[in-house]
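Letters go in sequence order (proteins before strands), and every chain restarts at 1. These values consider heavy atoms only, across backbone and side chains, with no hydrogens, waters or symmetry-generated copies.
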Amino acid sequence: MKLSTRMVVVLTSIGLLSGSFLATVGHLTKERIALNKQREIEEAIIQVVPGTVSSQRLYEERDLSVYGGKNEEGNLVGFAIHASGIGFQDKITLMLGTNTSLERTNRLAILDQKETPGLGAKITDRDSFLKYWENRDCSGTISLRKPAVSAAEKLLPSEINTITGATISSEAVLSIVNSSLEQVREIIKEGKLSSEAQDVN
Amino acid sequence: MTNNTFILQSSPHFKDKDSVPKIMYAVIASLAPVVAASLYFFRFKALALLLSCIAACLVTEALFLWLRKKPLHSLRDGSAVITGILLAMTLPPSLSLELAIIGAVVATAIGKQVFGGLGYNIFNPALVGRAFLQTAFPVAMTTWIPPATLKIQTATFATPLGNLRFQDAIAEGTLTPLKDLFIGNVGGCLGETSAFVLILGGLFLLSRRVIDWRIPLGILLSLTAFTGAFWLANPEKYASPLFHILAGGLLIGAFFMATDMVTSPITPLGTWIYALGIGIVIGLIRLFGGFAEGVMYSILFMNAFVPLLNRYTRPRILGERSKG
Amino acid sequence: MEVLLSIITMGVMGFLFSLGLVIAYRKLRVYEDPKIEQVAKILPQANCGACGYAGCRAFAEAVVKGETTPSSCPVSDAEGVKQIAEILGVSAADVVKKVARLHCRGTHEAAKNSGTYIGISTCDAAHLIGGNKQCSYGCLHFGDCARACLFDAIYMNEEGLPAVIEDKCTACGKCVEACPRNLFELHPVSQGIIVFCRSKDRGPVSRKVCKNACIACGICSRACPEAIVIENNLAKITNYKKIDPEKIPEIEKCPTGAIGRLKKEDER
Amino acid sequence: MELVAIFISAILINNFVLYYFLGICPFLGVSKKIDSAFSMGLAVTFVMTITAVVSWVINHWILIPHELDYLKIVSFILVIASLVQLVEMFIRKISPPLYQALGIYLPLITTNCAIMGLALLAALRDYGFAETVIFGFGSGLGFTLAIIIMAAIREQLDLADVPAPLKGPAIALIVAGIMALAFMGFVGMIK
Amino acid sequence: MSTKAAGQEFIKGLWDENPVFRQLLGLCPTLAVTGAVINGLAMGLATTFVLIFSSLVVSSIKKLIPSQVRIASYIVIIATFVTVADRFLAAFFPPISKSLGPYIPLIVVNCIILGRQEAYSSKNTVGRSLMDALGMSAGFVLALLILSAIREILGAGTFFGYQVMGAWFEPWIIMILPPGAFITLGILLALALQIERRTKSRK
Amino acid sequence: MKVKTFAHGIHPPELKDFTAEKAIESLPPPEKVMIPLLQHFGKPAKPLVQKGDQVHLGQKIGERQTLFSASVHSSVSGKVISVDNYNHPGGNPIPAVSITNDGQDLPFSDKEETKNPFSFSPEEIRQKVKEAGVVGLGGAAFPTAVKLSPPKDKPIETIIINGCECEPLLTSDYRLMLEAPEDILKGAELARIATGAKRIIVGIEDNKKKAFEIFQDKIQNFAGEVALLKTKYPQGAEKNLIYALLRREVPTGGLPFDVGVVVQNVGTAKAIWEAVSKGKPLYERVISVSGQGIMEPKNLLVRIGTPFKNVVEFCGGLKEDADILVMGGPMMGIVQWSLDVPVVKGTSGILAWAAPRPSLEYPCIRCGRCVENCPMTLVPTQLARYVKFDDLTAAEKWGVLDCVECGCCQYICPSKIPLVHWMRVGKNRIITLKQKKSA
Ligand SMILES: Cc1cc2nc3c(=O)[nH]c(=O)nc-3n(C[C@H](O)[C@H](O)[C@H](O)COP(=O)(O)O)c2cc1C
Ligand SMILES: Cc1cc2nc3c(=O)[nH]c(=O)nc-3n(C[C@H](O)[C@H](O)[C@H](O)COP(=O)(O)O)c2cc1C
Ligand SMILES: Cc1cc2nc3c(=O)[nH]c(=O)nc-3n(C[C@H](O)[C@H](O)[C@H](O)COP(=O)(O)O)c2cc1C
Ligand SMILES: Cc1cc2nc3c(=O)[nH]c(=O)nc-3n(C[C@H](O)[C@H](O)[C@H](O)CO)c2cc1C
Ligand code: SF4
Ligand code: SF4
Ligand code: SF4
Ligand code: SF4
Ligand code: FES
């Protein structure tokens with residue numbers, strides 16, 4: 001065989017072999033990976049919209065998705081807003097649960113962040129920062145309380161305590177929440193929230 | 001006729017009396033009012049931090065000299081003491097001594113000795129130590145206590161710049177008055193609170209020609225221009241250049257730290273670029289960055305450019321035709 | 001379907017890629033004589049430049065192209081030269097092993113200092129201001145030669161003079177170049193008699209500044225006039241080959257020891 | 001996120017070398033002399049920008065529509081490798097001086113994680129076309145900035161009394177560490 | 001191949017030819033994923049997997065591949081195994097996959113792997129290549145473990161996620177961040193060089 | 001009057017009081033002179049005499065060999081006792097003619113010049129200067145005849161007479177300016193004629209006001225002016241002087257010719273006058289013997305070839321604590337380790353003092369003072385580092401060859417780094433390398 005032909009043949013066949021091998025592997029893992037992703041979302045929805053049994057994706061664009069959580073009867077119990085934005089150093093992705101009228105928050109979950117450990121990373125702290133987000137008034141914009149107050153009762157209904165030493169991260173979370181709420185209201189007003197939403201599972 | 005034995009050396013045979021230790025001790029002398037002010041405002045805490053930083057710097061330096069089998073007399077050149085003093089002067093008064101010592105060790109070891117010791121380091125050692133601490137212990141390094149002279153009891157206390165950046169001080173009308181900034185009756189790092197003593201020390205260094213006047217001048221000019229532009233455009237949102245000059249570590253940085261000869265350019269043009277660059281970066285960080293204060297970062301950032309600046313700003317040799 | 005698609009994609013990519021490579025291979029191949037690589041492997045890789053080329057690789061290219069001969073590498077030993085010659089299919093020229101020799105015995109003790117030297121501790125720097133020795137011709141003791149030697153063949157002995165370790169010296173000549181006073185010269189290893197002085201001062205002067213200086217008394221040249229003459233107040237060996245071994249004891253009667261065979265401390 | 005923000009962030013804040021640790025090999029290997037560092041920086045910027053374009057095209061025109069996600073790694077690396085080769089040949093043909101300046105660095109870049117990392121990060125972040133290109137170009141500039149500063153510092157350190165075991169890569173890494181510290185000052189600037 | 005020789009093939013990767021400390025290869029992942037020991041270990045194992053299988057494949061089909069397309073073929077082979085590793089982690093260990101981010105796919109450009117194929121597998125028998133790959137991987141894993149242990153213990157006070165430092169200990173956050181990674185690796189390299197110089201001068 | 005100057009430079013202590021007010025005395029000719037055959041910049045002269053020959057005062061004993069060379073003349077009458085290597089204040093032994101003085105000072109030729117010197121043609125002037133072996137007395141000892149023969153394509157416009165004497169301690173030029181202003185100006189006028197220049201400028205530092213006033217008075221008869229210069233070192237360095245007076249920059253690697261200027265020292269000007277008007281060869285010169293280590297500092301007219309020993313003894317000898325002996329000025333002079341060296345044409349002074357204990361050398365702290373003060377606007381610290389680490393290409397690129405070795409950088413350096421020594425080592429290495437390459 002001529003050298004050039006051999007080159008072509010060898011590399012092509014390696015490509016073919018690799019392709020088929022990968023296709024198999026890809027095929028075998030595809031579902032599981034999709035499942036993992038979906039489970040992550042689902043768990044987050046269940047966490048931020050208590051009472052959810054099944055959920056549906058109602059809207060999707062980059063950096064913003066809206067899910068609807070339904071209870072056993074199939075009634076909508078709240079929205080789960082999946083949004084992201086830039087934090088102190090890198091992207092923060094979160095999921096916010098609200099009631100059906102978008103007036104009160106249920107809970108907040110941080111799905112992904114690369115903030116400074118021990119500082120900005122406190123936004124994932126369930127016992128402090130995330131706790132302030134439970135059951136807040138979000139009919140207007142939510143604001144930060146600076147400096148933080150020790151007793152949570154002193155906060156206004158639409159206020160969140162700032163993390164001491166991590167104002168930037170706190171503000172980042174706040175602005176992601178506020179702007180996504182704003183967008184979702186806009187979307188609802190324009191009637192773009194899909195009615196025949198796909199089931200998440 | 002004569003039994004004199006003579007010295008053999010290359011010309012010149014006259015030499016100026018100034019020497020490295022003399023320069024270093026002049027800097028230490030100029031820091032005396034700054035140290036005194038820090039002792040006055042922060043009392044015992046300042047003394048403890050100061051002494052432990054100096055001691056840790058000297059011990060680390062001695063250790064390296066011993067490891068590298070170098071004569072110990074260079075401990076006496078005063079540069080390690082300056083590093084210790086300046087590091088201490090840039091620490092928050094509430095910092096624990098262990099952390100301060102870690103900072104001093106890092107300053108001397110990573111900031112200076114790994115490069116070969118005095119004269120060879122690229123980055124300002126004291127600031128390397130401080131930056132290390134700030135990144136390693138961000139909470140401890142941004143927790144402030146009020147000066148002893150204020151006689152107030154609060155758990156958290158903001159520095160004038162923190163107040164400006166994170167507490168919306170202008171909108172709330174709680175911006176620190178310039179007079180307090182000038183005298184030093186404010187929170188902040190040990191040595192940065194009183195603008196008055198810093199200017200005193202700086203003028204002393206300028207008059208002794210120890211530091212290059214271009215550096216403080218360049219920093220002040222570019223910072224004034226930068227912050228001034230925003231202030232003029234929107235005084236409701238941005239503080240005045242004078243506030244920016246008097247608040248925070250600007251003066252100690254401009255007079256004592258950016259001027260460190262080892263880590264600043266040797267050519268006049270390079271020095272200008274370096275100084276103007278520092279001012280601009282400080283402005284950027286203070287106005288738009290994630291930190292209230294940017295002096296440390298901007299000096300370190302521009303330190304990194306110094307070799308490049310030295311290389312590309314070589315003065316034109318007398319009689320050299322300009323290229324092109 | 002999906003599997004098929006991926007197989008096709010990969011196959012096509014592999015095909016295209018290999019095609020590209022084939023073209024590249026055809027168009028861009030640069031021929032290099034494999035001998036160059038072989039020769040380069042044998043060379044000592046000291047990259048000292050003594051051969052006159054920019055490093056061993058350049059020398060290898062030159063040898064293969066026939067611009068120079070294998071034995072022009074002063075560092076390679078006879079074995080190496082032979083190997084290279086075999087690769088090239090030429091015969092190796094005979095190599096005489098040479099070694100660097102110092103022409104000075106101005107030890108700390110023998111040669112007087114002229115003053116207190118303050119300055120850069122290199123020989124060339126000291127030489128620029130006239131040196132730190134009363135003798136203007138002798139060794140300055142700062143060891144530029146030892147630093148220049150890439151093969152660690154020179155060390156500064158306790159008496160302040162450089163000593164050559166014969167086995168390590170490759171006769172590259174770096175020390176010859178480095179010495180500002182030209183005190184080194186390459187001699188065949190077998191070369192027995194050496195003049196250990198370069199002073200052109202008149203006898204009384206040289207005697208005053210250095211105990212071991214040649215004082216041009218002429219004992220050596222009278223002992224062996226066919227090979228040794230006195231020139232510029234200094235003994236000079238005009239023809240090493242003509243030195244009669246029988247006369248060596250006679251030559252070594254030199255009152256200052258400025259001529260003779262190597263002594264123990266001159267080499268290890 | 002605006003394009004400007006992506007650009008500045010790629011240069012100063014999320015610098016490829018100093019924040020993502022990508023392209024450390026050329027960063028340490030080719031930073032001994034300013035001139036070669038400069039050429040390397042240019043070559044990387046060039047290839048990064050092109051890679052950004054091409055990887056976006058592959059990802060969005062072939063892989064995503066056909067759900068061939070698992071071919072991403074293989075196809076990116078193959079395409080980048082062949083692309084670099086092509087570019088090399090092309091430059092050699094059209095501009096010998098440019099080839100002189102960049103040529104020897106191009107093959108080095110093929111197996112450099114900065115390039116591959118760029119393609120993967122852009123895909124991971126779901127950037128649009130313009131964003132990807134700006135991201136690629138900015139990251140290249142960020143790399144260039146870092147490597148030039150590093151080269152100037154190392155040229156200076158060649159004339160310094162650095163302790164023997166620290167000479168070379170060790171001191172370069174420590175310098176990179178302090179540079180990373182200094183660059184942290186810009187963090188938080190993009191919101 | 002004698003067991004002794006095999007042992008040597010293996011041992012050299014640990015120190016004499018340690019890919020990180022001695023050859024300065026694969027520094028990007030070394031720096032990037034060593035913030036936590038678990039990540040370092042996962043990266044090490046993934047690399048090991050890719051290295052071993054690529055070496056096996058390359059050394060067994062080396063005769064078939066013309067040298068002009070060898071790099072390209074190696075890349076395809078390596079990329080295939082990297083994809084396998086990547087998919088596997090994503091499917092079965094999603095949290096690790098997430099925290100390693102793009103660095104698993106980047107194994108494909110890890111210089112260690114291509115370098116070993118070039119320098120070793122393409123010239124040696126299957127058995128020797130296997131031992132070499134094992135040794136190199138062990139060396140790589142070792143380096144990752146040392147670096148990540150230092151970083152995690154100092155940076156978070158934990159080891160494999162378990163608290164090992166007392167409550168008094170204030171974690172050095174810098175160690176988890178990029179500057180800490182660079183400086184620690186720089187110091188480790190210097191130490192390695194110093195040890196090497198010592199042992200050499202003793203010899 | 002506005003004082004002219006240039007940027008950079010330093011202010012070392014002047015210390016001119018030792019000898020400024022001391023009139024020039026003649027040193028009695030010694031019993032034996034050793035006249036080196038190389039006392040100038042360039043190639044050594046070829047000896048014209050042998051051991052045993054009888055020579056007269058002013059007789060040519062060494063013939064110039066090439067263009068860049070100068071002839072050498074006997075400074076006494078007597079008998080040649082040897083032609084052999086002899087100590088030279090430059091450092092390394094040089095062939096020298098040793099002559100015993102018979103005390104007669106028999107002149108070699110006594111034909112008095114009758115023609116009006118100003119009516120000589122340029123060529124005649126050059127010839128006479130060449131015959132008289134005149135070299136620059138300002139330091140570099142460059143053959144003056146060469147300086148008076150500018151290339152055709154470089155018209156000369158100005159003759160600058162360098163009366164700066166910016167080196168501390170030295171006062172020989174100052175005394176000459178006070179005692180022989182007319183000879184100097186006449187010499188300058190001859191140089192003007194020889195080069196076809198239009199005018200003469202005499203540059204004098206403002207610490208020599210007396211000389212300045214005398215010259216302002218005398219210059220009336222000549223086509224020229226006197227300029228007052230700031231007292232600063234190195235005001236007398238050619239390139240800086242030209243810049244200070246004319247704001248012209250001599251191109252790097254170029255000569256004053258390139259900007260239409262010839263610079264001559266005051267002593268040289270006087271020597272030109274004497275050579276042309278009296279046919280007197282350069283066999284004696286004025287030197288300052290000064291410094292705290294000399295018993296009685298003096299300005300002396302000394303025969304070339306006189307051993308330093310005789311000169312110093314005439315001035316009362318050395319003090320016991322004197323531990324540095326310098327030929328030339330303290331900034332650029334060359335150290336001597338023995339008094340057994342002859343005065344040469346380039347000897348402007350013999351100085352001795354007790355040097356302070358040398359302070360420790362520190363690493364460069366990059367204070368930039370050397371950069372700020374280098375009159376050539378070089379970057380000395382970087383140059384020294386390049387030389388130290390043997391990066392000669394970089395050193396050359398950064399201009400090490402443009403260094404005039406003035407010593408400002410080393411004077412001012414707080415780290416006490418031997419910067420000038422490094423420059424000299426660097427230049428020497430580069431030049432050796434180049435010679436090797438061209439060979
Ligand atoms: C190394 C380092 C990391 C930091 N990381 C964060 C972070 O992740 N999130 C954050 O909001 N602030 C972080 N900060 C602090 C901010 O820069 C800024 O000082 C803080 O947000 C001000 O908040 P405060 O007013 O509550 O002190 C960090 C500071 C340092 C020195
Ligand atoms: C605002 C300003 C401040 C200055 N401050 C100083 C100073 O503190 N020290 C100084 O030496 N020169 C200072 N200068 C520069 C001097 O005015 C002068 O240009 C310089 O010292 C010239 O030095 P030289 O005459 O020794 O060459 C300053 C210039 C300006 C414009
Ligand atoms: C640093 C330096 C200082 C000098 N100072 C003087 C001086 O003070 N007076 C002087 O006549 N020449 C001085 N010279 C020499 C002049 O540059 C120049 O060579 C001389 O004036 C030319 O005249 P000549 O050929 O008659 O000696 C100095 C040279 C240098 C490099
Ligand atoms: C004007 C001046 C400023 C200095 N500033 C600093 C400083 O900011 N930080 C420091 O560690 N050392 C400083 N030093 C001391 C010394 O230069 C420093 O330790 C060197 O960088 C060590 O090589 C300073 C010295 C001088 C003369
Ligand atoms: S430098 Fe001299 S001693 Fe060393 S190997 Fe070369 S010739 Fe021999
Ligand atoms: S032989 Fe030459 S180079 Fe060697 S120490 Fe003596 S003077 Fe220096
Ligand atoms: S570098 Fe040369 S010209 Fe410049 S100050 Fe130093 S000695 Fe003078
Ligand atoms: S004057 Fe001395 S210490 Fe200052 S920069 Fe120059 S060489 Fe360095
Ligand atoms: S491992 Fe990242 S460039 Fe080599």
Side-chain angles (χ1 to χ4, degrees), chain D residues 14-25 27-29 69-78 80-82 85 107 110-125 162-184 187, chain E residues 21 23-35 71-72 74-87 90 101-115 118 174 177-198:
Chain D
N14 295 338
N15 185 286
F16 254 54
V17 177
L18 300 176
Y19 180 68
Y20 286 128
F21 309 104
L22 291 172
I24 301 292
C25 299
F27 179 68
L28 291 182
D69 192 38
Y70 50 83
L71 287 188
K72 196 154 72 188
I73 300 174
V74 188
S75 48
F76 278 5
I77 184 78
L78 264 184
I80 292 171
S82 44
Q85 293 253 311
T110 322
T111 53
N112 157 339
C113 23
I115 312 288
M116 186 68 183
L118 173 91
L120 291 169
L121 273 177
L124 191 73
R125 294 188 181 173
V162 177
L166 279 152
K167 281 210 174 92
I171 194 73
L173 279 168
I174 291 177
V175 168
I178 304 178
M179 273 165 71
L181 264 181
F183 274 63
M184 284 201 57
V187 155
Chain E
F21 294 138
Q23 303 188 56
L24 302 177
L25 293 176
L27 291 187
C28 303
T30 305
L31 288 162
V33 302
T34 48
I71 302 277
Y74 299 163
I75 290 181
V76 176
I77 293 167
I78 296 168
T80 307
F81 288 109
V82 172
T83 312
V84 173
D86 185 39
R87 301 294 288 189
Y103 292 100
I104 290 287
L106 282 176
I107 294 176
V108 74
V109 278
N110 188 323
C111 340
I112 300 177
I113 299 186
L114 197 61
E118 241 322 69
I174 190 173
L177 300 176
F182 281 117
I183 293 175
T184 314
L185 184 59
I187 293 173
L188 284 178
L189 283 188
L191 281 180
L193 204 63
Q194 180 64 17
I195 292 171
E196 178 68 16
R197 281 154 50 101
R198 274 277 165 82

field: Top contributor to chain D interface from E/Ile187, E/Leu189, E/Leu106, E/Ile183 [non-hydrogen pairs under 4.5 Å]
entry: E/Leu106
message: Taking side chain as everything from C-beta outward and backbone as N, CA, C, O, which of these in D/Ala164 sits under 4.5 Å from a heavy atom of chain E? Side chain, backbone, both or neither.
response: both
query: Relative to chain D, which segment of E/Leu25 carries a heavy atom at a distance below 4.5 Å: side chain, backbone, both, or neither?
result: neither
Closest heavy-atom pair and its distance - E/Pro102, D/Leu120: O-CD1, 4.1 Å
query: If you measure from CG on E/Leu31 to CG on D/Leu18, what distance do you get to the nearest 0.5 Å?
result: 11.0 Å
Considering all heavy atoms, the nearest D/Leu173-E/Gly186 contact: CB-CA, 3.7 Å
task: State the CG-CG distance between D/Leu166 and E/Leu191, to the nearest 0.5 angstrom.
output: 8.5 Å
message: Set out, in order, the CA-CA distance, both residues' side-chain angles and the distance that settles side-chain contact (heavy atoms from CB on, under 4.5 Å) for D/Tyr70 and E/Val84, then state yes or no.
response: CA-CA 9 Å; D/Tyr70 50 83; E/Val84 173; over 6 Å; no
message: Can you tell me which portion of D/Phe27 sits under 4.5 Å from chain E's heavy atoms? Options are side chain, backbone, both or neither.
response: neither
- prompt: Between E/Gly180, E/Ala192, E/Pro179, E/Ala79, which residue shows the highest count of heavy-atom pairs closer than 4.5 Å to chain D?
  reply: E/Pro179
- prompt: Taking atom CG of D/Leu22 and atom SG of E/Cys28, what is their separation to the nearest 0.5 Å?
  reply: 6.0 Å
query: So which of E/Ala90, E/Pro178, E/Ala32 has the largest heavy-atom pair count under 4.5 angstrom toward chain D?
result: E/Pro178
Gap between atom CD1 of E/Ile107 and atom SG of D/Cys113 - 0.5 Å precision: 11.0 Å
task: With rounding to the nearest 0.5 Å, note down the distance linking CG in E/Leu177 to CE in D/Met184.
output: 5.5 Å
query: Among D/Asp69, D/Leu181, D/Ile178, D/Leu28, which has the most heavy-atom pairs under 4.5 Å with chain E?
result: D/Leu181
Check: D/Phe21 ring centre within less than 6.0 Å of E/Phe182 ring centre: yes
